[in-house]
Colleague: 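Structure in structure tokens, see below.
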Number of protein chains: 2
Amino acid sequence: MATRTDAPTRREQILKEAARLFAERGFHGVGVDEIGAAVGISGPGLYRHFPGKDAMLAELLVGISDSLLTGAKRRLAEDGAAGAEAVLDSLIEGHIDFALDDRPLITLHDRELDRLRDADRKMVRQLQRQYVELWVGVLREVYPAVAEPAARSAVHSVFGLLNSTPHLGRPGRAVTASLLHRMARGAFAAVGEA
Amino acid sequence: MATRTDAPTRREQILKEAARLFAERGFHGVGVDEIGAAVGISGPGLYRHFPGKDAMLAELLVGISDSLLTGAKRRLAEDGAAGAEAVLDSLIEGHIDFALDDRPLITLHDRELDRLRDADRKMVRQLQRQYVELWVGVLREVYPAVAEPAARSAVHSVFGLLNSTPHLGRPGRAVTASLLHRMARGAFAAVGEA
DNA sequence: CAGGGAGGTTAGCGGTCGTTAACCTTAGGG
DNA sequence: CCCTAAGGTTAACGACCGCTAACCTCCCTG
């Protein structure tokens, strides 16, 4: 399990603050001095931990995409025996957890992808595509009548729905999670029953 | 009606290209020279039409918010007699039209708001809030059991769903529009029937 | 207890960006 | 036929930004 109880490393502090700032003001809108100030060191000190500003964004985006995909694969393996419906619910739940717990990251995820170097962008895109295709596969098991392109569009749209958390009020985590879950299922059902 | 058949003015060309570039690379990621080049003039020439780069973004965002709200008010007035269900469908249709026809604008709309001067941002926020509240009112007419905070969250989430068009493939406009419409109704229904 | 690496600091360089200044060209009206 | 306004141009300025250089200070270890 490796539940983390230790204090966060400096690197992790930097990544967390950088994510927050990038999400708030955009990658180009944040200077390295601000990121440094956010963790109590000053600008150039960051270069002891990262080769450059781009590298921070790259690590963030690859990390998000990878952990989304890894979590989804795990859920597919664990809940697969319980049927496609259960897996779909589990995927939705996982994505909602992520959107609620790491709002800055979910914002960056679909907003700053184009600021990456080619190699990093390709990697992120590949992880994202695998994540989408995993959802598409499960969705089409639940609703076999849905053609693949429609399923893919539906998945992207539901991501848009779930990723709307930054715009939502804060009426308690469980309430929001439940609402989002029901809406996602409702949206999928509307595609499946067409 | 004033249907526009005349050629677009230079100002309009600039706004259109600026919207595209801002959506692609972010407000801070685009230089004035690039915007100029996109309309065939060079950097500082833009200042004959706008007082500054910020003013272009401001005009774009206020314009979007205003036209969304105006369209929604018109639909409410025109289709109100046909009942709340019909108005809701009309609102959804209008938002989808917008998301499909002006993808760069819909992207900017929820992404670059914080780059505005205080006065402009307040104005945009107010227009957006009115737009949301109009939807909330109609939604609660269709589903009276839904409490106001839940309705507001639901509306924001459906906006997230409808605004996902930039991530979608292009399988023909009508097909996409129909899919999005059904999903939006399905998501709302799931909230209403809870 | 020397010494070296880890992790800071400040100064400053080179490039870019938004903006202004100064100047030029053209079309239309008195 | 001038003259003015509209709409361009290039040059350049000042600010800022990412990053490097040079230096300092601990702490850990052989």
Side-chain angles (χ1 to χ4, degrees), chain A residues 6-62 104 108 111-121, chain B residues 6-62 104 108 111-121:
Chain A
D6 17 328
T9 69
R10 181 46 51 95
R11 259 185 78 90
E12 290 167 333
Q13 288 180 44
I14 294 172
L15 284 174
K16 185 181 161 197
E17 294 301 312
R20 184 178 57 79
L21 289 167
F22 289 160
E24 277 174 14
R25 301 213 285 285
F27 180 67
H28 292 300
V30 180
V32 290
D33 289 356
E34 299 179 73
I35 303 174
V39 296
I41 69 179
S42 223
L46 296 171
Y47 288 78
R48 299 290 166 191
H49 305 275
F50 295 92
K53 191 185 164 193
D54 306 4
M56 301 179 206
L57 182 64
E59 188 159 328
L60 285 169
L61 293 188
V62 173
L108 287 183
R111 192 169 293 196
E112 306 285 354
L113 183 59
D114 299 321
R115 276 47 136 192
L116 255 44
R117 291 183 6 249
D118 274 25
D120 295 319
R121 190 170 56 248
Chain B
D6 17 330
T9 69
R10 181 46 52 98
R11 260 185 78 89
E12 290 167 332
Q13 287 180 44
I14 294 172
L15 284 175
K16 185 182 162 196
E17 294 302 311
R20 186 178 57 79
L21 289 166
F22 289 159
E24 277 174 14
R25 299 213 287 284
F27 179 67
H28 292 299
V30 180
V32 290
D33 288 356
E34 298 177 74
I35 302 173
V39 297
I41 70 180
S42 225
L46 296 171
Y47 288 77
R48 300 289 164 191
H49 303 276
F50 295 92
K53 193 186 164 194
D54 306 4
M56 300 178 205
L57 182 64
E59 189 158 328
L60 285 170
L61 292 190
V62 173
L108 288 183
R111 193 168 292 197
E112 306 286 353
L113 182 59
D114 300 321
R115 276 48 137 191
L116 256 43
R117 292 184 5 249
D118 273 25
D120 294 320
R121 190 172 55 248

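Throughout, a chain's letter reflects where its sequence line sits, starting with A, and its residues are numbered from 1. What's counted below: heavy atoms across the whole structure, side chains too, no hydrogens, waters or symmetry copies.
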Colleague: As an exercise, state the distance from CD of A:Gln13 to CD1 of A:Ile35, rounded to the nearest 0.5 Å.
Modeller: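 Answer rounded to 0.5 Å: 13.5 Å.
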Colleague: Tell me: CG of B:Leu57 to P of C:dC17, nearest whole Å?
Modeller: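 From B:Leu57 CG to C:dC17 P: 17 Å.
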Colleague: Under 4.0 Å: is that the gap between some side-chain N or O of A:Arg10 and OP1 or OP2 of C:dA6?
Modeller: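 It does not, given that no N or O in the side chain of A:Arg10 lies less than 4.0 Å from OP1 or OP2 of C:dA6.
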Colleague: Between C:dG7 atom C1' and A:Gln13 atom CD, what is the distance in whole Å?
Modeller: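 For the pair A:Gln13 CD and C:dG7 C1', the rounded distance is 13 Å.
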Colleague: Tell me whether the NZ or CZ atom of B:Lys53 lies within the 45° cone about the ring axis of B:Phe22 and under 6.0 Å from its centre.
Modeller: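 No.
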Colleague: Is there a side-chain contact between A:Glu59 and A:Arg11 (heavy atoms, below 4.5 Å)?
Modeller: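 When only atoms from C-beta onward are counted, A:Arg11 and A:Glu59 do touch, with a gap below 4.5 Å.
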Colleague: Starting at atom CZ of A:Phe50, determine the distance to atom P of C:dA6, rounded to an integer number of angstrom.
Modeller: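 One finds 16 Å between P of C:dA6 and CZ of A:Phe50, rounded.
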Colleague: In the structure I gave you, are the side-chain heavy atoms of A:Asp54 and A:Phe27 within less than 4.5 Å of one another anywhere?
Modeller: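 A side-chain contact under 4.5 Å exists here.
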Colleague: Send over the distance from B:Ile41 CD1 to C:dT25 P, rounded to a whole Å.
Modeller: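 Those two atoms, CD1 and P, are 18 Å apart.
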Colleague: Starting at CG of B:Leu46 and ending at C1' of D:dA6, how long is that distance when rounded to a whole Å?
Modeller: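 Roughly 15 Å, once rounded to whole Å.
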Colleague: Could you check how far CD1 of B:Ile35 sits from P of C:dG18, rounded to whole Å?
Modeller: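 These atoms are roughly 7 Å apart.
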Colleague: How close or far is atom C1' of C:dT26 from atom CZ of B:Arg48, stated in whole angstroms?
Modeller: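 Going from CZ in B:Arg48 over to C1' in C:dT26 covers 14 Å.
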Colleague: From B:Thr9 OG1 over to B:Leu15 CG, what is the distance, rounded to the nearest 0.5 angstrom?
Modeller: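 These two atoms lie 8.0 Å from each other.
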Colleague: Mind checking whether B:Leu46 and B:Ile14 have side chains closer than 4.5 Å, heavy atoms only?
Modeller: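 Yes, side chains in contact.
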Colleague: C:dT19 P sits how many Å from B:His49 NE2, rounded?
Modeller: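 Interatomic distance, NE2 of B:His49 to P of C:dT19: 15 Å.
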Colleague: Using atom names, set out every protein N or O paired with an N or O of nucleotides 14-19 of chain D below 3.5 Å, distance rounded to 0.1 Å.
Modeller:
| unit_1 | atom_1 | unit_2 | atom_2 | d |
| --- | --- | --- | --- | --- |
| D:dG18 | OP1 | A:Val30 | O | 3.1 |
| D:dG18 | OP1 | A:Lys53 | NZ | 2.6 |
| D:dG18 | OP2 | A:Val32 | N | 2.9 |
| D:dC19 | OP2 | A:Tyr47 | OH | 2.4 |
| D:dC19 | OP2 | A:Lys53 | N | 2.9 |
| D:dC19 | O5' | A:Tyr47 | OH | 3.1 |

